[in-house]
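So that the names make sense, note that chain A is the first sequence line, chain B the second, and so on, each numbered from 1. The basis for the numbers below is simple: all heavy atoms, side chains too, and nothing from hydrogens, waters or symmetry mates.
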Amino acid sequence: MNFWRFLLKMDRRIIFVLVGLAVATPLVVPLNLPVRVTEPVRRLYRAINEIPSNSKPVIISVDYDPSTVPELRPMTLAVLRHCFRRKIPVIVITMLPAGAGLARDAMETVASEFPGSSYGKDFVYMGYKPGASLVMVGIGQDFQGTYPADGFGKPSAELDILKGLHNYDDIAMVLDFTGSSIYESWIMFAYQKYGCKVGAGVTAVMASDAYPYLNTGQLVGLLGGLSGAAEYEQLINWPGNATIGMDAQSVVHILIIVLILLGNIAYFVTRKKHGAAQVAGQGQKGSS
Amino acid sequence: MTLETFSGTFGLWMGAALTLCIFSFLYKDNPFYRFAEHLFVGVSAGYWLVYNYWNIVKPNLIDPLREEQWQYLLPLVLGIFMLTRLFPNVGWLSRWAIAFMIGSGSGIMIITYLQSNFLEQIKSTLVPLDPTGQPWYVVVNNVILLVGVVSGLVYFFFSKAHTGVTGRIARIGVVFLMVSFGASFGYTVMARISLLIGRLYFLLHKCVGVI
């Protein structure tokens, strides 16, 4: 069997091993490949930078479950760090039951990095509420009516960050991190109905679906997948897990491109040889 | 060792073991993989049941009813109607609850959905093609956008056979669709590899400690 036939009949488990090595090696031995910041990420960074410090809070909606944590947690942490660093008050909520623990963990991780920040004044965790669309409409009508208590059961009226906060008029921006289409609901209700700015961080699978909203100005910025998170980490100059993972991502992409090219070349080479052999066989039959 | 430390260490090794069990499917189906899969399904179902009871049913239905807010009887009745699907004789009652959900859902969504997904999208395709006062690459971009939208729409217009001029425009639409599928595929590869990176980082950083 020649090389090209071997490629076409290669056991797929060999490819699994190659992909595994291509991911693990750059994680152990970092290559520090450059990450180029794209315009959608820069737009979100700029929009957050334009929010005055110690003024209106931002809502950070952590709408993902454990299956998308590797992509969405790094971008959530990066944006939270940016907000905490700029002293922008943060309200953390979630629309998914499975996102409750992840939202709280992200908030507490970043809060522990900023010892000067205090719960209830600089940041608050409002927990999970069922019925995403109704919650979004509810925030537009009466925030404290929708969230009478925070995620730990403390009445909203006793939290400094929520004093004087009635509806979207008192919120600087909504930022949604999600592996689902919940960001579309935020656009429909927070932006279209109440005129509040909306930014999103989505999984790479969903990024291409989100671009039309960016193009129409309904999203102020967009982070797509691990690369979006790595770009944001670079903008805030705080390298995290996304930056570490991008080396592996780049190496695997090169491997996949090489495999696709080799697979196609092998297909055409073997088809050409197979066609030539068939013609030769028919010629022999004709002469006999 | 304190209970908290033990809990953390146990959780860490359990996570590592279950990750390897799931990865073992890449070689072939085996009992370790099936054990991890069944455990995941069972734990997920238990988590959702308990979480939904304490965070949805109790605060939004049981507590208000205990406080004698009788208007909450209506959602209780509609909720029971949903469960009647389990009994063929009275299963038709579930349609009332479904009708309520669809009606209220449509009422809330329809206007804003049209605004953000229809009107705004059409508006964004009304772009200037005149090169005066704007860079040439913006004009090229706008032309590509216009051709892509029009040819893509023609491809999905089925009331006329795709022959002649219509067919040629539809074929251009196919090219745009293929480019779009290619971009989506690229993003999908990136997403799946990100998940693998997340798991391998967990194993190499937290369990083996080489990172």
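Between A:Tyr125 and A:Phe152, the distance from one ring center to the other falls under 6.0 angstrom. Ring pair A:Tyr147/A:Phe143: centre-to-centre distance below 6.0 Å.
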Q: Could you go through the ring pair (Phe, Tyr, Trp, His ring centres under 6.0 Å) check for B:Phe176 and B:Tyr155 one step at a time?
A: CA-CA 10 Å; B:Phe176 277 93; B:Tyr155 175 74; over 10 Å; no
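Shown here is B:Met101, whose CE atom has no more than 12 heavy atoms of other residues, nucleotides or ligands within 6.0 Å. Dense packing is recorded around CZ of A:Phe16, with more than 12 heavy atoms of other residues, nucleotides or ligands lying under 6.0 Å away. Within 6.0 Å of CZ on B:Phe40 lie no more than 12 heavy atoms contributed by other residues, nucleotides or ligands. Within 6.0 Å of CZ on B:Phe100 lie no more than 12 heavy atoms contributed by other residues, nucleotides or ligands. Heavy atoms from other residues, nucleotides or ligands lying under 6.0 Å from OH of B:Tyr113 number 12 at most. Environment of CZ in A:Arg13: crowded, with over 12 heavy atoms of neighbouring residues, nucleotides or ligands closer than 6.0 Å. The number of heavy atoms from other shown groups lying within 6.0 Å of CD1 (A:Ile14) is above 12.
Considering every non-hydrogen atom in both B:Glu120 and A:Thr216, the closest pair reads O-CG2, 3.4 Å. Residues A:Gly201 and A:Leu72 approach most closely at O-CD2, 3.8 Å, considering heavy atoms.
Residue contact with chain A, scored on non-hydrogen atoms closer than 4.5 Å, involves the side chain of B:Ile211 exclusively. Contact of A:Gln249 with chain B is made through backbone and side chain together, with heavy-atom distances under 4.5 Å. In this structure, the portions of A:Leu27 lying under 4.5 Å from any heavy atom of chain B include both its backbone and its side chain. Of the atoms belonging to B:Tyr201, heavy atoms from both backbone and side chain fall under 4.5 Å from chain A. Contact of B:Leu204 with chain A is made through the side chain alone, with heavy-atom distances under 4.5 Å. Looking at A:Ser133, only its side chain comes within 4.5 Å of chain B, counting heavy atoms on both sides. In this structure, chain B has a heavy atom under 4.5 Å from the side chain of A:Asn241, while its backbone stays farther away.
Top candidate by heavy-atom pairs under 4.5 Å with chain B, chosen from A:Gly224, A:Gly225, A:Pro70, A:Pro97, is A:Pro97. For the options B:Thr188, B:Leu203, B:Ile193, B:Ile111, heavy-atom pairs under 4.5 Å to chain A are most numerous at B:Ile193. When each of B:Asn117, B:Val210, B:Asn55 is scored by its heavy-atom pairs under 4.5 Å with chain A, the top score falls to B:Asn117. The most heavy-atom pairs under 4.5 Å with chain B, out of A:Ala22, A:Gly127, A:Pro212, come from A:Pro212.
Contact residues of residues 58-65 of chain B toward chain A are B:Asn60 (heavy-atom distance under 4.5 Å). Interface with chain A: from residues 24-34 of chain B, residues B:Leu26, B:Tyr27 qualify, criterion being any non-hydrogen pair under 4.5 Å.
Side chains of A:Gln192 and B:Thr112: no donor on one and acceptor on the other come within 3.5 Å.
Annotation: side-chain hydrogen bond (donor to acceptor under 3.5 Å, both in side chains) contacts involving residues 67-77 of chain A, sequence neighbours excluded, comprise A:Tyr64-A:Thr76, A:Asp65-A:Ser67, A:Arg73-A:Asp105.
For A:Arg104, the salt bridge (charged side-chain N to carboxylate O under 4.0 Å, His left out) criterion is met by A:Glu108, not counting sequence neighbours.
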